[in-house]
Amino acid sequence: LNFSKGQFRRTSSDDEVVRVIVRGIPGTPMPPSNFSESQASTIVAYLRSMTGATSACAGQGCAADAARGRAIFEGKGQCLTCHSVSGAGARTGPVLTEIGAFRRAVELERSIVDPESEIRPENRSVRVVPRDGAPMTGRLLNQDTFSLQIVDSSERLVSIDRSTVREVTVLKTSPMPSYRDKVSAQELADLVSYLASLRGKS
Amino acid sequence: MKSARRPGVLFVVFGLLVVPLVAGVSLGAQVSFDRLLRATAEPQNWLTHSGSMMSQRYSLLTQVTPDNVKNLELKWVFQAQSLEKFEATPLVVDGVMYTVQAPNDLVALDAATGRVFWVYSYSPSPQARPCCGRVNRGVAMLGNTLFMGTIDGHLLAIDARTGGLVWNVAVGGARPEAGYGFTLAPLVVKDKVIVGSVGGEFGIRGFLAALEVRTGKEVWRFNTIPGPGEPGHETWPGNAWEHGGASVWVTGSYDSDLNLTYWGIGNPGPDWNGDRRTGDNLFGESVVALDADTGALKWYFQFTPHDEFDYDSVQVPVLADIQFQGRARKAMLWANRNGYMYVLDRTNGQFLLGKPFVKVNWTSGLDAKGRPMNMLAPTPEGTLIYPGNQGGTNWYSPSFSPRTGLFYIPSWMDTYSTYIKRPTEYAEGQRFVGAAPIMPVRMLQGGPMINRRLPEEGYGAVQAFDPKSGERKWEFKMTDVTDSGILTTASDLLFSGGREGYFFALDARTGALLWRASVGGPVSAGPMSYAINGRQHIAIAAGSSLFVYALR
C-alpha cells in the first residue's frame, strides 16, 4: 500500500482505518495491535497528513484553504481567546500547535461544531468550590486522592488541597461554544484545513 | 522459648517494645528453619517474603499505634541504581536488611541507617524476556545463605555475611530464550528452596521446582501442566499442553501441620484465545497444595477454568485459622485477579465461600463448588469484560489481621477491558497470546503519573472484608488504581500505597486515614515492618527507591 496516495485498499473512512489498526485484518499478515482507539487515530492523522489532503472537504466539492482558515481562527472565530498556536494566544484551552499531527480532520470538524461530543481526559474542565472564597474553573491537569492540579482561567498553575474545598466537579460540558451556526460550511472547511496543517513548530 | 536466648531479640509486652539487652547487629545468628516457622515469635525480624509461612503480612510490632502514627518520619532512603519497578519486599534479619535492586542485584544494608554492607551484582542473559518488567520481588534466607531467582532462570545461593556466591544453578537448564525465568521471592521449606517460572505470555510449560539448599540440586518438580499419563492432562487437547503457560511468579505459603505448600498458578496460554486449548486447562488459574517433601499434588482448586482473560491466579495464598459457620477451620483466603474473593478449607481444598469484591460480568456467578457459570469469551468483534485485564487485584500482597479478623485487598474498582480474539501460532521466544485486550486503565509502566480519569472509568481502593461472611466492612478510595501490597499490625494499623505516589496508614478497623507521606512515585511493592535498637520501622519501595519510616 502506498500511503502517500491516501487510498486504502479495504477502507475509506478514518474510523474504518482506525478499526483495521486496532483489530488487524483476519487471515492476512496485518496483526491486531494493542493501540487504543485514540492512539490509532493519531496514526490515521499521520497517514492522512502524508497526502496533504483533509477529509473534511473530501467528496464535497469544496476547496478548503488553510490561509483563509487561519484568518477565521485568529479573527472572527476568536479562537486565540482560549487556545494557543506556537506560543500565540491563551493557555486556558488545549494548545493546538501540533493538533494536526494528532487529530483527524473529521475529529477536528466535530470538535468545532459539537465541542461536547467528545472531551478527552486531557481537556477536562473542573469546577472547584472552596470552603472559603469564590468558585473557580480550570482545566484538570492531574489529580490524586488528596489534591488536584489545574490551570485556572488566569493561566496560573494551581494545586488545590482537597481538604480545603467543599466540592470538586469534573464538568461534562465544554467551555467552548459550538461554531455550528457561527461559520459557513466553507469557513468550517477552511478552519479544519488550517488546524490539520498545524504539525508543530516550523 | 528458644529465641529468648538469642541476642537482639525484642519482646512485645502490653503493646510496648522492650529494648534488647544487646543492641547492634548480630551477623552470626543462623536462620534455622525453626526460626522461619516461628517467625512471628521474633517480630523485630521479617524473615520471609510475606512475614510468615502463613503469608498474612501481619506484624506483631505495636510501637507505632493509631495515636502516634502521625509522628512517623522518614529515617532513610535507599535509591536503587535502576529505573525498573522496585517490587521487592526486603527481609530483615537481626539488624541487616536484604533487598533486590532490579533486575538481580542483591543488596545488604544496615537496617538502622540504610548504609550498604555489600552488593552482589548479577548480569542476567540478554535473552531474558519477562513479560512485564525486568523485576524481582525479593529473596529467601536459610542459615547464612540467601536465595535469589534471576530473570534468566537461574537460582543463586549467596553468603549473607560476605555477599559471595555459594552456588548458581540453571534451573531445569534455564531457557530464557524461550521465556523461562524467575521474578518471585523463593520460599524455603525445611532443606529445600522452591521457585516457579514466569513465561505465561511466551508459551512455556510452567513448573515449580524444589532445590536442595546446600547444593542447588533439584529434588522435585511439579509441572503446572500435567504431561501424558498425569492426572489433569486430559484437560488439554493434542499438544496444547506443551506450550500452555501456567507460570508461577508470586511466592507460596506453607502449613507445617499439614506439610503442604500452596502456590497460585498463572494463566493458560495463549492468553486471550482458548480455541487450541479447549478444556479446563489444569492447573492454570488454580491453587495447588503440594507435599513439601515430594512435590506430590494433594489437592487443587481451579478458580477460572479455561481462562481467556489473563486472570492469573498468581496471588499470595493467605493462610488463616478462623471460625467459619460455627466451626474452627484451617482456611485459605484468596482475592483473585478474576474479581472474586474465595475462602477455601486448606486441608482439602473445599470451597467455603466466594463473592465478587469488584464489578464482575465475565461469569453469572459461582456454583456450589465454586466453579464459575456461563462464562463470557473474547470475540473477533471484541467483548467488554469487568474486571479488566489487570484484574480486580493482581500480585499485590493482601493482608489478614488475626486481631480484626478482616482480610484486606488492594483493589482495582470498576475497570474493564475489551477482549478481541485473534489466531496465534507458537514460535519459541515470541509472544504467544492471541491478540490483546484494549485496557483504558493500563498496567504500571514508566512515564509521568498523570490521572484525569473520572471515577466511573476506574479507581483504586483498599477494601476490608470479613472472610466469615464475605461482607465488606469498609473501603478506602483512591483516585488512581493501586499496585501496592498491604501490611497490618497488632496495633490495628494498616499500611499501603498506590499508583499516585502516596504511602499511608489507615485504621485497620475503620479504614480511616491516619497518616500519609508523598513518596513521589508509584508504589509497586508490599510494605513490611521490623525493629532495630528498640524502634519499629516500616519500609516501602516506591518509584525506584526504598523508603523507611519510624517515629520521630
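Because only heavy atoms are used, hydrogens play no part in the values below, and waters and symmetry mates are left out as well, while side chains stay in.
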So for [X], is it side chain, backbone, both, or neither that comes closer than 4.5 Å to the heavy atoms of chain A?
{"X": "B:Y502", "answer": "side chain"}
{"X": "B:F504", "answer": "neither"}
{"X": "B:P440", "answer": "neither"}

Open item on the list: Measuring only between side-chain heavy atoms, which start at C-beta, is A:F146 closer than 4.5 Å to B:L513?
Closed with: yes

Task: Note, B:K477 side chain near A:T145 side chain (heavy atom, < 4.5 Å) - done: no

Would one find more than 12 heavy atoms of other residues, nucleotides or ligands at under 6.0 Å from atom [atom1] of [X]?
{"X": "A:R70", "atom1": "CZ", "value": "no"}
{"X": "A:E116", "atom1": "CD", "value": "yes"}
{"X": "A:R110", "atom1": "CZ", "value": "yes"}
{"X": "A:D161", "atom1": "CG", "value": "yes"}
{"X": "A:R120", "atom1": "CZ", "value": "yes"}
{"X": "B:E425", "atom1": "CD", "value": "no"}

Open item on the list: Run B:E456 and A:K172 through salt bridge (Lys or Arg N to Asp or Glu O under 4.0 Å) and show every step you take.
Closed with: CA-CA 13 Å; B:E456 59 266 32; A:K172 306 265 163 113; 3.1 Å; yes

Open item on the list: So, taking the atom named CG in A:D144 and the one named CZ in B:R516, what distance separates them when rounded to the nearest 0.5 Å?
Closed with: 7.5 Å

Task: A:Q149 side, atom CD; B:N451 side, atom CG - distance, nearest 0.5 Å - done: 10.5 Å

Task: Side-chain donor/acceptor of B:R452 to backbone N/O of A:R124, under 3.5 Å - done: no

Open item on the list: Taking side chain as everything from C-beta outward and backbone as N, CA, C, O, which of these in A:R162 sits under 4.5 Å from a heavy atom of chain B? Side chain, backbone, both or neither.
Closed with: side chain

Open item on the list: Out of A:L140, A:V170, A:N142, return the one with the most heavy atom pairs under 4.5 angstrom to chain B.
Closed with: A:N142

